[in-house]
Amino acid sequence: MAKYSIIAKTSNELSEGEWRELINSFNTVFNKQFNVTYFKKKYLNTVLQFSIHGFLLHENHIVGMFSVIPRAYHFDGTEQMIGLGCDAFILEKHRKDDFFLQDMADAAYKVCKENNIHYLISIPNTTAYPYWKSYGDWKDIAALDYYILPYRLSKLVKVSNLFDFFSAGFFKALLSCANILSFEVKVSPKKKISLVRDANFLKERYNDEDGYKIYKMGEKGYFVIREYDEEGICTIYLVDCFPLSKYMLTKAIYQIARDFEDKLDVILFVGKMDSSPFYFIKVPKSKEPRVQPFIGYLLTEERKDDFLSISSWDVGLANFDNR
(Lines give C-alpha, C1' and ligand atoms only; values in the text may rest on other atoms or scores of the structure.)
Protein backbone atom coordinates (compact mmCIF):
# COMPACT_ATOMS: atom_id res chain seq x y z
CA MET A 1 0.00 0.00 0.00
CA ALA A 2 3.01 2.32 0.36
CA LYS A 3 3.02 2.88 -3.40
CA TYR A 4 -0.34 4.68 -3.21
CA SER A 5 -0.93 8.31 -2.28
CA ILE A 6 -3.81 10.79 -2.29
CA ILE A 7 -3.49 14.36 -3.52
CA ALA A 8 -5.86 17.18 -4.50
CA LYS A 9 -5.43 19.65 -7.33
CA THR A 10 -7.49 22.21 -9.18
CA SER A 11 -7.90 21.77 -12.92
CA ASN A 12 -5.69 24.73 -13.75
CA GLU A 13 -2.85 23.13 -11.80
CA LEU A 14 -2.76 20.01 -13.97
CA SER A 15 0.13 19.38 -16.35
CA GLU A 16 -0.52 18.12 -19.88
CA GLY A 17 0.72 14.71 -18.74
CA GLU A 18 -1.78 14.66 -15.87
CA TRP A 19 -4.59 15.60 -18.23
CA ARG A 20 -3.66 12.66 -20.45
CA GLU A 21 -3.50 10.27 -17.51
CA LEU A 22 -6.89 11.23 -16.06
CA ILE A 23 -8.51 11.02 -19.50
CA ASN A 24 -6.99 7.62 -20.29
CA SER A 25 -8.00 6.24 -16.89
CA PHE A 26 -11.54 7.66 -17.13
CA ASN A 27 -12.06 6.30 -20.65
CA THR A 28 -10.77 2.88 -19.57
CA VAL A 29 -13.14 2.61 -16.61
CA PHE A 30 -16.25 3.96 -18.35
CA ASN A 31 -15.50 2.63 -21.84
CA LYS A 32 -15.64 6.11 -23.36
CA GLN A 33 -13.60 7.99 -25.93
CA PHE A 34 -13.58 11.52 -24.55
CA ASN A 35 -10.67 13.77 -25.48
CA VAL A 36 -8.80 16.54 -23.69
CA THR A 37 -10.99 19.25 -25.25
CA TYR A 38 -14.10 17.70 -23.69
CA PHE A 39 -12.61 17.53 -20.21
CA LYS A 40 -11.02 20.98 -20.31
CA LYS A 41 -14.35 22.53 -21.29
CA LYS A 42 -16.11 20.58 -18.57
CA TYR A 43 -13.67 21.33 -15.75
CA LEU A 44 -12.39 24.81 -16.68
CA ASN A 45 -15.62 26.47 -17.86
CA THR A 46 -16.97 27.00 -14.34
CA VAL A 47 -17.78 29.89 -12.04
CA LEU A 48 -14.23 29.60 -10.63
CA GLN A 49 -12.59 28.83 -13.98
CA PHE A 50 -11.53 25.47 -12.55
CA SER A 51 -12.86 22.35 -10.85
CA ILE A 52 -11.43 20.47 -7.90
CA HIS A 53 -10.06 16.93 -8.03
CA GLY A 54 -8.97 14.35 -5.52
CA PHE A 55 -6.56 11.87 -7.11
CA LEU A 56 -5.39 8.38 -6.23
CA LEU A 57 -1.80 7.98 -7.37
CA HIS A 58 0.12 4.76 -7.86
CA GLU A 59 3.82 5.39 -8.27
CA ASN A 60 2.90 9.00 -9.09
CA HIS A 61 0.48 8.02 -11.88
CA ILE A 62 -3.25 8.87 -11.74
CA VAL A 63 -5.29 5.70 -11.24
CA GLY A 64 -8.37 7.19 -9.55
CA MET A 65 -10.26 10.47 -9.33
CA PHE A 66 -13.14 12.28 -7.61
CA SER A 67 -14.14 15.65 -9.09
CA VAL A 68 -16.15 18.63 -7.90
CA ILE A 69 -17.50 21.12 -10.46
CA PRO A 70 -18.50 24.44 -8.81
CA ARG A 71 -21.61 26.29 -9.90
CA ALA A 72 -23.29 29.47 -8.67
CA TYR A 73 -26.67 29.14 -6.94
CA HIS A 74 -29.23 31.41 -5.38
CA PHE A 75 -29.60 30.07 -1.86
CA ASP A 76 -32.37 31.73 0.15
CA GLY A 77 -31.50 35.26 -0.88
CA THR A 78 -27.74 34.90 -1.09
CA GLU A 79 -25.41 33.65 -3.80
CA GLN A 80 -23.51 30.49 -2.92
CA MET A 81 -21.31 28.06 -4.77
CA ILE A 82 -22.51 24.46 -4.71
CA GLY A 83 -20.23 21.72 -6.00
CA LEU A 84 -21.29 18.87 -8.26
CA GLY A 85 -19.58 15.68 -7.15
CA CYS A 86 -18.94 13.56 -10.24
CA ASP A 87 -16.58 11.42 -12.32
CA ALA A 88 -15.49 9.19 -9.43
CA PHE A 89 -13.50 6.13 -10.46
CA ILE A 90 -10.58 3.84 -9.68
CA LEU A 91 -8.90 1.60 -12.23
CA GLU A 92 -9.97 -1.97 -11.55
CA LYS A 93 -6.56 -3.37 -10.65
CA HIS A 94 -6.04 -0.60 -8.09
CA ARG A 95 -9.24 -1.18 -6.11
CA LYS A 96 -7.26 -2.43 -3.14
CA ASP A 97 -8.90 -0.43 -0.36
CA ASP A 98 -12.58 0.39 0.20
CA PHE A 99 -11.62 3.82 1.54
CA PHE A 100 -9.69 5.01 -1.51
CA LEU A 101 -12.76 6.73 -2.97
CA GLN A 102 -13.56 8.40 0.33
CA ASP A 103 -9.94 9.47 0.76
CA MET A 104 -10.00 11.16 -2.65
CA ALA A 105 -13.27 12.89 -1.76
CA ASP A 106 -11.87 14.09 1.58
CA ALA A 107 -8.86 15.60 -0.20
CA ALA A 108 -11.19 17.42 -2.60
CA TYR A 109 -13.44 18.62 0.25
CA LYS A 110 -10.49 20.39 1.88
CA VAL A 111 -9.88 22.41 -1.27
CA CYS A 112 -13.63 23.03 -1.62
CA LYS A 113 -13.74 24.68 1.79
CA GLU A 114 -10.72 26.81 0.89
CA ASN A 115 -12.76 28.08 -2.07
CA ASN A 116 -16.00 28.70 -0.11
CA ILE A 117 -17.80 25.62 -1.43
CA HIS A 118 -19.66 24.20 1.56
CA TYR A 119 -22.43 22.23 -0.15
CA LEU A 120 -22.19 19.38 -2.66
CA ILE A 121 -24.74 17.47 -4.72
CA SER A 122 -24.63 14.39 -6.94
CA ILE A 123 -26.64 11.78 -8.83
CA PRO A 124 -24.61 8.59 -8.37
CA ASN A 125 -25.19 5.45 -10.38
CA THR A 126 -26.67 2.35 -8.78
CA THR A 127 -23.21 0.97 -7.91
CA ALA A 128 -21.87 4.18 -6.36
CA TYR A 129 -25.03 5.17 -4.47
CA PRO A 130 -24.72 2.71 -1.54
CA TYR A 131 -21.00 3.52 -1.24
CA TRP A 132 -21.51 7.25 -0.84
CA LYS A 133 -24.38 6.66 1.57
CA SER A 134 -22.49 4.17 3.74
CA TYR A 135 -18.86 5.29 3.52
CA GLY A 136 -19.24 8.93 2.55
CA ASP A 137 -22.14 10.03 4.77
CA TRP A 138 -23.96 11.65 1.86
CA LYS A 139 -27.65 12.25 2.55
CA ASP A 140 -30.74 11.58 0.46
CA ILE A 141 -32.56 14.66 -0.78
CA ALA A 142 -34.99 12.92 -3.12
CA ALA A 143 -35.31 10.62 -6.10
CA LEU A 144 -35.92 12.70 -9.20
CA ASP A 145 -39.01 12.06 -11.31
CA TYR A 146 -39.42 11.30 -15.01
CA TYR A 147 -41.98 13.12 -17.16
CA ILE A 148 -42.67 11.80 -20.63
CA LEU A 149 -44.58 12.60 -23.79
CA PRO A 150 -44.79 9.35 -25.83
CA TYR A 151 -45.07 10.86 -29.32
CA ARG A 152 -44.71 7.53 -31.13
CA LEU A 153 -46.35 4.86 -29.01
CA SER A 154 -44.79 1.76 -30.61
CA LYS A 155 -41.35 2.72 -29.32
CA LEU A 156 -42.52 2.33 -25.71
CA VAL A 157 -45.10 -0.44 -25.71
CA LYS A 158 -45.53 -3.57 -27.80
CA VAL A 159 -48.01 -2.35 -30.40
CA SER A 160 -47.83 -2.15 -34.17
CA ASN A 161 -46.08 0.89 -35.57
CA LEU A 162 -49.37 1.61 -37.31
CA PHE A 163 -50.41 3.11 -33.97
CA ASP A 164 -47.68 5.72 -34.39
CA PHE A 165 -49.77 7.50 -37.02
CA PHE A 166 -52.57 7.94 -34.49
CA SER A 167 -50.42 8.74 -31.44
CA ALA A 168 -48.31 11.29 -33.33
CA GLY A 169 -51.42 12.82 -34.88
CA PHE A 170 -53.17 12.97 -31.52
CA PHE A 171 -50.26 14.66 -29.74
CA LYS A 172 -49.65 17.01 -32.65
CA ALA A 173 -53.27 18.23 -32.49
CA LEU A 174 -53.23 18.34 -28.68
CA LEU A 175 -50.03 20.36 -28.53
CA SER A 176 -51.25 22.78 -31.19
CA CYS A 177 -54.42 23.44 -29.22
CA ALA A 178 -52.54 23.74 -25.94
CA ASN A 179 -50.08 26.20 -27.49
CA ILE A 180 -52.89 28.39 -28.84
CA LEU A 181 -54.93 28.32 -25.63
CA SER A 182 -52.05 28.65 -23.16
CA PHE A 183 -51.52 31.93 -21.39
CA GLU A 184 -48.98 33.01 -18.85
CA VAL A 185 -50.25 33.19 -15.31
CA LYS A 186 -48.46 34.20 -12.14
CA VAL A 187 -45.34 32.09 -11.83
CA SER A 188 -44.99 29.98 -8.69
CA PRO A 189 -42.80 31.46 -5.95
CA LYS A 190 -39.09 30.88 -6.49
CA LYS A 191 -37.51 27.97 -4.70
CA LYS A 192 -34.94 28.65 -1.99
CA ILE A 193 -32.18 26.97 -4.01
CA SER A 194 -31.83 27.49 -7.76
CA LEU A 195 -29.09 27.89 -10.34
CA VAL A 196 -27.84 31.36 -11.20
CA ARG A 197 -28.97 31.24 -14.82
CA ASP A 198 -27.05 34.12 -16.34
CA ALA A 199 -25.14 34.40 -19.62
CA ASN A 200 -22.04 32.90 -18.04
CA PHE A 201 -23.97 29.84 -16.88
CA LEU A 202 -25.47 29.25 -20.32
CA LYS A 203 -22.01 29.47 -21.87
CA GLU A 204 -20.42 27.21 -19.25
CA ARG A 205 -23.13 24.56 -19.05
CA TYR A 206 -24.37 24.27 -22.64
CA ASN A 207 -22.26 24.02 -25.75
CA ASP A 208 -23.39 23.60 -29.35
CA GLU A 209 -20.52 21.21 -30.01
CA ASP A 210 -21.86 18.90 -27.27
CA GLY A 211 -25.30 18.76 -28.89
CA TYR A 212 -27.19 21.27 -26.73
CA LYS A 213 -29.69 23.62 -28.35
CA ILE A 214 -30.91 26.72 -26.51
CA TYR A 215 -34.29 28.28 -27.32
CA LYS A 216 -34.86 31.82 -26.02
CA MET A 217 -38.44 32.53 -24.89
CA GLY A 218 -39.16 36.18 -24.18
CA GLU A 219 -36.69 38.44 -22.38
CA LYS A 220 -35.50 36.01 -19.69
CA GLY A 221 -37.13 32.65 -20.40
CA TYR A 222 -35.46 29.82 -22.26
CA PHE A 223 -35.34 26.06 -22.59
CA VAL A 224 -32.54 23.69 -23.55
CA ILE A 225 -32.75 20.34 -25.31
CA ARG A 226 -30.40 17.54 -26.23
CA GLU A 227 -31.15 14.70 -28.65
CA TYR A 228 -30.19 11.10 -27.89
CA ASP A 229 -30.63 7.78 -29.59
CA GLU A 230 -31.69 5.54 -26.71
CA GLU A 231 -31.44 2.03 -28.19
CA GLY A 232 -33.22 3.08 -31.36
CA ILE A 233 -35.61 5.51 -29.66
CA CYS A 234 -35.18 9.18 -30.67
CA THR A 235 -35.38 10.86 -27.27
CA ILE A 236 -35.36 14.63 -26.86
CA TYR A 237 -34.34 15.50 -23.32
CA LEU A 238 -35.74 18.75 -22.00
CA VAL A 239 -32.58 19.48 -20.05
CA ASP A 240 -33.60 22.88 -18.72
CA CYS A 241 -36.70 25.06 -18.74
CA PHE A 242 -36.80 28.45 -17.09
CA PRO A 243 -39.09 29.39 -15.52
CA LEU A 244 -40.43 25.89 -14.90
CA SER A 245 -44.11 26.76 -15.34
CA LYS A 246 -46.97 25.08 -17.20
CA TYR A 247 -46.92 27.93 -19.72
CA MET A 248 -43.20 27.58 -20.46
CA LEU A 249 -43.41 23.78 -20.58
CA THR A 250 -46.30 23.99 -23.04
CA LYS A 251 -44.34 26.34 -25.30
CA ALA A 252 -41.20 24.18 -25.04
CA ILE A 253 -42.93 20.87 -25.77
CA TYR A 254 -44.84 22.36 -28.71
CA GLN A 255 -41.62 23.74 -30.23
CA ILE A 256 -39.77 20.45 -29.78
CA ALA A 257 -42.58 18.53 -31.47
CA ARG A 258 -42.54 20.96 -34.41
CA ASP A 259 -38.77 20.92 -34.88
CA PHE A 260 -38.32 17.16 -34.55
CA GLU A 261 -41.65 15.94 -35.90
CA ASP A 262 -40.16 13.64 -38.55
CA LYS A 263 -38.06 11.58 -36.12
CA LEU A 264 -39.31 12.32 -32.61
CA ASP A 265 -40.29 9.32 -30.50
CA VAL A 266 -40.20 10.61 -26.92
CA ILE A 267 -39.81 13.90 -25.03
CA LEU A 268 -38.36 13.42 -21.56
CA PHE A 269 -37.77 15.62 -18.51
CA VAL A 270 -35.97 14.39 -15.39
CA GLY A 271 -36.26 16.45 -12.22
CA LYS A 272 -38.82 17.85 -9.82
CA MET A 273 -41.73 20.12 -10.67
CA ASP A 274 -44.75 21.30 -8.73
CA SER A 275 -47.10 20.99 -11.68
CA SER A 276 -46.96 20.19 -15.37
CA PRO A 277 -49.31 20.10 -18.40
CA PHE A 278 -51.60 17.08 -18.09
CA TYR A 279 -50.20 15.53 -21.28
CA PHE A 280 -46.64 15.56 -19.88
CA ILE A 281 -47.05 12.29 -18.01
CA LYS A 282 -45.26 11.51 -14.76
CA VAL A 283 -43.75 8.02 -15.09
CA PRO A 284 -44.65 5.62 -12.24
CA LYS A 285 -41.63 4.73 -10.12
CA SER A 286 -42.00 1.07 -11.09
CA LYS A 287 -41.62 1.99 -14.79
CA GLU A 288 -38.65 4.35 -14.55
CA PRO A 289 -35.68 3.25 -16.69
CA ARG A 290 -33.27 4.07 -13.88
CA VAL A 291 -33.61 5.52 -10.41
CA GLN A 292 -32.09 9.02 -10.16
CA PRO A 293 -31.06 9.44 -6.50
CA PHE A 294 -30.42 13.11 -5.73
CA ILE A 295 -28.03 13.24 -2.76
CA GLY A 296 -26.17 15.97 -0.89
CA TYR A 297 -23.14 16.47 1.34
CA LEU A 298 -22.49 19.33 3.74
CA LEU A 299 -19.21 20.86 4.82
CA THR A 300 -21.13 23.17 7.17
CA GLU A 301 -24.15 22.86 9.44
CA GLU A 302 -25.61 26.18 8.29
CA ARG A 303 -29.00 25.87 6.56
CA LYS A 304 -28.70 22.10 6.68
CA ASP A 305 -32.46 21.49 6.81
CA ASP A 306 -33.12 23.71 3.79
CA PHE A 307 -30.31 22.12 1.79
CA LEU A 308 -31.55 18.58 2.43
CA SER A 309 -35.24 19.33 1.77
CA ILE A 310 -36.44 18.73 -1.79
CA SER A 311 -39.07 21.43 -1.33
CA SER A 312 -36.21 23.96 -1.35
CA TRP A 313 -34.92 22.91 -4.75
CA ASP A 314 -35.47 23.95 -8.34
CA VAL A 315 -33.71 20.89 -9.74
CA GLY A 316 -33.41 18.94 -12.96
CA LEU A 317 -30.78 17.68 -15.37
CA ALA A 318 -29.43 21.24 -15.69
CA ASN A 319 -27.89 20.84 -12.22
CA PHE A 320 -25.85 17.77 -13.17
CA ASP A 321 -23.63 16.48 -15.97
CA ASN A 322 -25.21 13.21 -17.04
CA ARG A 323 -27.21 14.74 -19.91
### Query
So do K282 and S276 actually touch side chain to side chain, heavy atoms under 4.5 Å?
no
### Query
Within a strict 4.5 Å, meaning less than it, do heavy atoms of the L144 and F320 side chains meet?
yes
### Query
Would you say the side chains of S122 and Y129 form a donor-acceptor pair under 3.5 Å?
no
### Task
State, yes or no, whether a side-chain contact exists between L48 and I117 at a heavy-atom distance under 4.5 Å.
yes
## Note on the structure
Between N115 and M81 the two heavy atoms that sit nearest each other are O-CE, 3.0 Å
#### Entry: By side chain to side chain donor-acceptor pair (under 3.5 Å) - contacts of Y147 (at least two apart)
none
### Message
Please report the interatomic distance CD(Q102) to OH(Y135), rounded to the nearest 0.5 Å.
### Response
10.5 Å
### Query
Would you say R71's side chain and N319's backbone share a donor-acceptor pair under 3.5 angstrom?
yes
#### Entry: Within 6.0 Å of CZ in F30, more than 12 heavy atoms from elsewhere
yes
### Query
Is there side-chain contact between L101 and W132, with heavy atoms separated by less than 4.5 Å?
yes
### Task
Mind checking the CD1-OH spacing from I267 to Y151? Nearest 0.5 Å is all I need.
8.5 Å
### Task
State plainly whether one hydrophobic cluster holds both W313 and V291, where clusters connect Ile, Leu, Val, Met, Phe, Trp and Tyr through side-chain heavy atoms under 4.5 angstrom apart.
no
### Query
With the 4.5 Å side-chain cut-off for hydrophobic clustering, are I281 and I233 part of the same group?
yes
### Query
Looking only at heavy atoms, which two atoms of A108 and G54 are closest? And how far apart?
CB-N, 3.9 Å
### Message
Go through it in stages, so that I can follow the logic: the residues are K272 and D145, the test is side-chain contact (heavy atoms from CB on, under 4.5 Å), and I'd like the CA-CA distance, side-chain angles, deciding distance and then a yes or no.
### Response
CA-CA 6 Å; K272 284 288 185 181; D145 298 320; 3.1 Å; yes
### Message
Evaluate I193 against I82 for side-chain contact (heavy atoms from CB on, under 4.5 Å), listing each step before the verdict.
### Response
CA-CA 10 Å; I193 308 174; I82 295 178; 4.0 Å; yes
### Task
Could you tell me how the ring of Y228 sits relative to the ring of Y237: parallel (under 30°), tilted (30 to 60°) or perpendicular (over 60°)?
perpendicular
### Summary
Scanning both residues in full, the closest heavy-atom pair of D265 with C234 reads OD2-N, 2.8 Å
### Summary
Taken to the nearest 0.5 Å, the spacing of I52 CD1 from K9 NZ works out to 14.5 Å
### Task
State plainly whether the residues K42 and D87 are in salt-bridge range, i.e. N to O under 4.0 Å.
yes
### Query
Any side-chain heavy atom of P293 within less than 4.5 Å of one from I123?
yes
### Message
Under the criterion salt bridge (Lys or Arg N to Asp or Glu O under 4.0 Å), I'd like the reasoning laid out for K139 against D137: C-alpha separation, chi angles, the key distance, then a yes or no.
### Response
CA-CA 6 Å; K139 306 296 183 185; D137 200 30; 2.9 Å; yes
### Task
Determine, stepwise, if the pair L244 / L249 fulfils side-chain contact (heavy atoms from CB on, under 4.5 Å).
CA-CA 7 Å; L244 191 61; L249 285 166; 3.9 Å; yes
### Query
Just wondering, are more than 12 heavy atoms of other shown residues or ligands nearer than 6.0 Å to NZ in K41?
yes
### Query
Any side-chain heavy atom of E302 within less than 4.5 Å of one from H118?
no
### Message
Rounded at 0.5 Å granularity, tell me how far CG in L14 sits from CD1 in I62.
### Response
6.5 Å
### Message
For a side-chain contact (heavy atoms from CB on, under 4.5 Å) check, start with the C-alpha distance between N125 and R290, then their side-chain angles and the critical distance, and finish with the verdict.
### Response
CA-CA 9 Å; N125 60 36; R290 177 195 149 188; 4.0 Å; yes
### Task
For residues S11 and H53, report the shortest heavy-atom separation together with the two atoms involved.
OG-NE2, 2.7 Å
### Query
With distance as the sole test, does S51 use its side chain to make a donor-acceptor pair with the main-chain N or O of S67 at under 3.5 Å?
no
### Query
In terms of hydrophobic clustering (I, L, V, M, F, W, Y; side-chain heavy atoms under 4.5 Å; direct or indirect links), are F307 and V196 co-clustered?
no
### Query
Where the side chain of N35 meets the backbone of T37, is there a donor-acceptor pair that is under 3.5 Å apart?
yes
### Inter-residue atom distance F100.CZ - H94.NE2, 0.5 Å rounding
9.5 Å
### side-chain hydrogen bond (donor to acceptor under 3.5 Å, both in side chains) between Y73 and D314, intermediate numbers included
CA-CA 10 Å; Y73 279 78; D314 170 9; over 6 Å; no
### Task
Inspect the contact between D321 and R205 and indicate whether a charged nitrogen and a carboxylate oxygen are less than 4.0 angstrom apart.
no
### Query
If you count the non-hydrogen atoms of other residues, nucleotides and ligands that lie under 6.0 Å from CD in E13, is the total more than 12?
yes
### Task
Not counting sequence neighbours, which residues clear side-chain contact (heavy atoms from CB on, under 4.5 Å) with K40? List them please.
E16, W19, V36, L44
### Query
Should we say atom CZ of R20 is surrounded by more than 12 heavy atoms from elsewhere, each under 6.0 Å from it?
no
### Query
Can we say K263 and D229 salt-bridge, meaning some charged N sits less than 4.0 Å from an Asp/Glu carboxylate O?
no
### Query
Under a 4.5 Å cut-off applied to non-hydrogen side-chain atoms, are Q292 and Y146 in contact?
yes
### Message
Here's a test for you: under ring-ring contact (aromatic ring centres under 6.0 Å, His included), which of Y119, Y297, Y131 qualifies with W138?
### Response
Y297
### Task
Examine R303 relative to F75 and say whether NZ or CZ is less than 6.0 Å from the centre of the six-membered ring and inside a 45° cone about the ring axis.
yes
### Summary
From the list F55, Y43, F39, F66, ring-ring contact (aromatic ring centres under 6.0 Å, His included) with F26 holds only for F39
### Task
Over all heavy atoms of both residues, which pair between E230 and T235 is shortest? Give the atoms and the distance, please.
CG-OG1, 3.4 Å
#### Entry: Shortest non-hydrogen contact between S25 and L91, atoms and distance
OG-CD1, 3.7 Å
### Task
Mind telling me whether F201 and Y206 have parallel, tilted or perpendicular rings, with 30° and 60° as the class edges?
perpendicular
#### Entry: Candidate pair D259 and Q255, rule side-chain hydrogen bond (donor to acceptor under 3.5 Å, both in side chains), full reasoning
CA-CA 6 Å; D259 287 359; Q255 191 66 49; 3.1 Å; yes
### Task
Can you establish whether the number of heavy atoms outside K285 located under 6.0 Å from its atom NZ is more than 12?
yes
### Message
I'd like to know whether CG of N60 has more than 12 heavy-atom contacts from other residues, nucleotides or ligands below 6.0 angstrom.
### Response
no
### Message
Taking the side chain as everything from C-beta on, heavy atoms only, tell me whether I141 gets closer than 4.5 Å to V315.
### Response
no
### Query
Going hydrophobic residue to hydrophobic residue with side-chain gaps under 4.5 angstrom, can you get from F34 over to V29?
yes
### Task
Hey, could you give me the CD1/CG distance between I121 and L298, rounded to the nearest 0.5 Å?
12.0 Å
